[in-house]
Enquirer: 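Submitted below is the structure of interest, expressed as structure tokens.
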Amino acid sequence: MSDEMKQDIQKLKKDMADVRATERNIAVALTRIEGKVDGIVEQMATKTQVRTLIDQVDDFCGIVEASRGERKILDESFADIRATPQNHEARLVRLEPKKS
């Protein structure tokens with residue numbers, strides 16, 4: 001073998017060593033990224049879980065709306081009940097005989 005060919009073989013061996021090192025680095029990085037992706041997937045909610053959550057929020061909003069309507073009716077009823085004793089007092093004053 002010629003010296004030039006020996007140098008080429010040495011250069012190729014060095015290049016192959018560099019390629020193997022790069023391949024190991026890529027494999028390590030890929031494994032690390034795969035672990036992170038697995039963690040993200042475990043933490044993500046499924047479509048079913050999101051739908052269930054939305055349904056629960058909708059149900060709660062319905063309850064709140066119904067409660068607001070009931071409260072409005074109760075507020076109006078309370079105002080009517082509160083006005084009744086005041087009207088009753090006024091009627092009693094008108095009905096009582098005037099003292100001369």
Enquirer: Could you pull out all residues at least two apart from Glu42 that satisfy salt bridge (charged side-chain N to carboxylate O under 4.0 Å, His left out)?
Expert: none

Enquirer: Please list, chain by chain and in numerical order, all residues satisfying salt bridge (charged side-chain N to carboxylate O under 4.0 Å, His left out) with Asp3, sequence neighbours excluded.
Expert: none

Enquirer: Between atom CG of Leu12 and atom CD of Gln10, what is the distance when rounded to the nearest 0.5 Å?
Expert: 9.5 Å

Enquirer: Please report, to 0.1 Å, the donor-acceptor pairs under 3.5 Å made by any side chain of residues 29-36, with sequence neighbours excluded.
Expert:
unit_1	atom_1	unit_2	atom_2	d
Thr31	OG1	Ala27	O	2.8

Enquirer: State which residues pass side-chain hydrogen bond (donor to acceptor under 3.5 Å, both in side chains) with Lys13; sequence neighbours excluded, sorted by chain then number.
Expert: none

Enquirer: Rounded to the nearest 0.5 Å, how far does CD of Glu4 lie from CD of Gln7?
Expert: 7.5 Å

Enquirer: Under 3.5 Å, side chain of Ser67 to main-chain N/O of Ile63, donor-acceptor pair present?
Expert: no

Enquirer: Scan residues 48-59 for pairs that pass salt bridge (Lys or Arg N to Asp or Glu O under 4.0 Å), counting only residues two or more places apart or in two chains.
Expert: Arg51-Asp55

Enquirer: For Asp15, which residues count as a salt bridge (charged side-chain N to carboxylate O under 4.0 Å, His left out) partner, sequence neighbours excluded?
Expert: Lys11

Enquirer: Charged N to carboxylate O under 4.0 angstrom, Glu23 versus Arg20?
Expert: no

Enquirer: Over all heavy atoms of both residues, which pair between Met44 and Gln49 is shortest? Give the atoms and the distance, please.
Expert: O-OE1, 4.1 Å

Enquirer: Do you know which of Leu53, Ile54, Thr52 makes side chain to side chain contact (heavy atoms under 4.5 Å, CB included) with Val50?
Expert: Ile54

